[in-house]
Amino acid sequence: MFSFPKKERLCNKKKIDSLFSKGKAFLCYPFSVKYLLSQGDGKIQILIVCSKRYQKKAVSRNYIKRRMREAYRLNNSQLKNRLTEAGQDLFVSLSYISKDLSDYHFIEKNISDVLKTLESKVG
RNA sequence: GGGAAGUAUUAUCCUAUCGCUGAAAGAAAUCGCUUUGAUUUCUUUGAGAGGAAAGUCCGGACAACACAGAGCGGCAUACUGCCUAACAGACAGGCGAUAGUUUCUUUUUAGACUUUAUUUUGUCUGCUUUCGGAAUAAAAAGAGAUUAUUGACAGAUAGUGCAACAGAAAAUAACCGCCCGUAAUUUGUUUUGAAGUUUGAUUUUUUUUUAAUCUCUAAUCCAACUUCUUUUUUGCGGGUAAGGGUGGAAAAUCAGGGUAAGAGCCUGUAGGGAAACUUAGUGAUAAGUUUCUUGUGUAAACCUUAUGCGUUGAAAGUUCAAGUAUAUCAACAGCAAGUACUUGCUCGGUAUUGUUGAGGGGUAGAACGAUUGAACCAUUGUUGCAAAACAUGGUCUAGAUUAAUGAUAGGACACGACAGAAUCCGGCUUACAGAUACUUUCCUUUU
RNA sequence: GGUCCCAUAGCUCAACUGAAUAGAGUACUUGACUACGGAUCAAGCGGUUGAAGGUUUGAAUCCUUCUGGGAUCA
């Protein structure tokens, strides 16, 4: 039910390039979101980014990325159902662009906002 | 008892639910089907980040390329021994520096006692005895011993360079000064200095007498006279490195000789350096003897000497390889026109063209490299002062590749610092809350 | 993951071959010029030479270790 296996991660370099060149973007602080819709059978692949530009230490980057993954894992079921109904594939990249370390509850609230916004753009 | 510094060890834990990474076992489905096998899904089991994983400052393993051998250049290292795969690392030592403790010597000051009319002299260690008492302090310098910390600790006597300002001068020498010679100028026996004679005054001593006075001797001062000696300044030529306030640094200490003045110029001697020898030590080195020598510092200035280093790094490199294009080969088709070859020319043939198949290199991608190792542990044994080595026994302990350790709920206490593997090891450096043990030092309290 | 470079006044750069008041332009302040402003001229202000140690008589410069920023290798 709540899972986040390797298939749902975006690992192919060409797909990442096409996402960043062709995709659309919006901002939902502290996240900058890029997404690309295409015809398919309801697959979703997500890329989680926390760059060295905003978080200097490896420990804090791991801290942010783990909490973002966990929040996405627990809140993605509605978006998946909507995509299966519409019959579209989705590539998403979530970038953390704040220089502060946020706690889990703040990240989870904003992740669910982002997913709702994406849900409204499908179809 | 408290604070600070250093070294060593450790580096939050437990329960439940949901997830991530890879491993093992099992089941099902699909492909394949003689079996092995491949992919996907599910279940179970056990595992999953450090002392620095960091910085990338050194050293290696490993890989590719290069390589008969030698030299130049470049880089690194630099007291000795020893450990190590190797090292700019570790251990043990030598030498130096700093700090502390302690002992001795010298000087000065103060004090006590002693001696002397005063200046002064002596003592102020130990033991014993005696006794009314007192029988030492401070500062500076030097030497020795010991403890701790620390040192990019070869060479300045191979050569080149540099040493601002200040100072005469920063390592050759010149200037002031001192001395000699020479030329000119000025002065001239009234000046300067030396020797002698006479007179006067004062003081002292001796003798005589002692109430004063007088006489004599010696010294000093003033005056006069006699004899001997020229003086000042400047230029030129030479000698000299003793002296010259500076500076981080000023040219071998002291004594004597020597000279016109001087000088390591000469002699002895303190200190430094080199060589040889003796003794101790594996050696650095230490102690001593003899000879020679003595020109400050700087090599984290160039450099010299000795030793070592082939270059590039896992984005190294190895294997498989869809698709697209295709060297080459084979078969089939075409051979209309042009071109080239075959030929003196024409026809013919071959190639240039197309399709299919094979095939090599190789892109996307995948796998290996890549986790059993100079490994870790041991109330073990042997060798060694120690670092460490050997033997014996035991253990398997992350392996990702857009990159894994999290979230929620509850509980415990000391209330949680610095910080996240990316080929792997040995060191170094840097960051760090708390706890434990040890060492050093400071403060306070008690005895 | 490897390799290399840089840091100097508010800003842009010198001085990098050790030598004592670290310089130039611009910005800022004051004055002159002008009826006023601009331009121009003159003067002034402004520096822990990224931080900390070391070598040296002496360090922006030489050496070491950190901090921050940048470039490059498929």
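Chain letters run A, B, ... following the sequence lines, proteins first, then strands; residues in each count from 1. As the structure is a prediction and not an experimental result, all values here were calculated from the model.
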Under-3.5 Å donor-acceptor pair between R73(A) side chain and C18(B) base: yes
C1' spacing across the pair A386(B) / U293(B), given as an integer number of angstrom: 44 Å
Rounded distance (Å) that lies between atom P of G19(B) and atom CD1 of I111(A): 19 Å
Which residue lies more 5' along RNA chain B, comparing Y63(A) with I16(A) via nearest heavy atoms: I16(A)
Gap between atom NZ of K34(A) and atom NZ of K22(A) - 0.5 Å precision: 12.5 Å
Contact list (N/O, under 3.5 angstrom) for nucleotides 398-401 of chain B vs protein:
unit_1  : atom_1 : unit_2 : atom_2 : d
U401(B) : OP1    : K6(A)  : NZ     : 2.7

Gap between atoms CG and P, on N75(A) and C18(B) respectively (whole Å): 18 Å
Chi-angle category of G51(B) [syn within 90° of 0, anti beyond]: syn
Side chain to side chain contact (heavy atoms under 4.5 Å, CB included) involving Y96(A) - partner list, sequence neighbours excluded: P30(A), F31(A), C50(A), Q55(A), I64(A), M68(A), S98(A), S102(A)
Same-atom distance (C1') from A60(C) to U17(C), integer angstrom: 15 Å
Nucleotide of U402(B), U408(B), A419(B) approaching K57(A) most closely (side-chain heavy atoms): A419(B)
Syn/anti label of G264(B) as read from its glycosidic torsion, with the cut at 90° from 0: syn
A58(A) or I48(A), whichever maps to the more 5' nucleotide of RNA chain B: I48(A)
Separation between the P atoms of U401(B) and C368(B), rounded to whole Å: 11 Å
4.5 Å side-chain heavy-atom contact, C28(A) and T117(A): no
Inter-residue atom distance L94(A).CG - L118(A).CG, 0.5 Å rounding: 7.5 Å
Rounded interatomic separation in angstrom, taking CZ from R61(A) and P from G406(B): 17 Å
L79(A) side, atom CG; S120(A) side, atom OG - distance, nearest 0.5 Å: 10.0 Å
Separation between the C1' atoms of C72(B) and U298(B), rounded to whole Å: 30 Å
Under-4.0 Å side-chain N/O to phosphate OP1/OP2 contact, R69(A) with C18(B): no
C277(B) versus G262(B) - spacing of their C1' atoms, nearest Å: 42 Å
U397(B): syn or anti, per glycosidic angle within 90° of 0: syn
RNA chain C: stems of at least 3 consecutive Watson-Crick or G-U pairs whose donor-acceptor distances fall under 3.5 Å: C:1-7 with C:67-73, C:10-13 with C:23-26, C:28-32 with C:40-44, C:50-54 with C:62-66
Results of side chain to side chain contact (heavy atoms under 4.5 Å, CB included) for S32(A) - residues two or more places apart only: L27(A), S95(A), I97(A)
Nearest-angstrom distance, P atom, C309(B) to A164(B): 45 Å
Show the distances under 3.5 angstrom between N or O atoms of the protein and N or O atoms of nucleotides 48-55 of chain B.
unit_1 : atom_1 : unit_2 : atom_2 : d
A49(B) : N6     : R66(A) : NH2    : 2.7

Residues forming a side chain to side chain contact (heavy atoms under 4.5 Å, CB included) with E85(A), sequence neighbours excluded: R82(A)
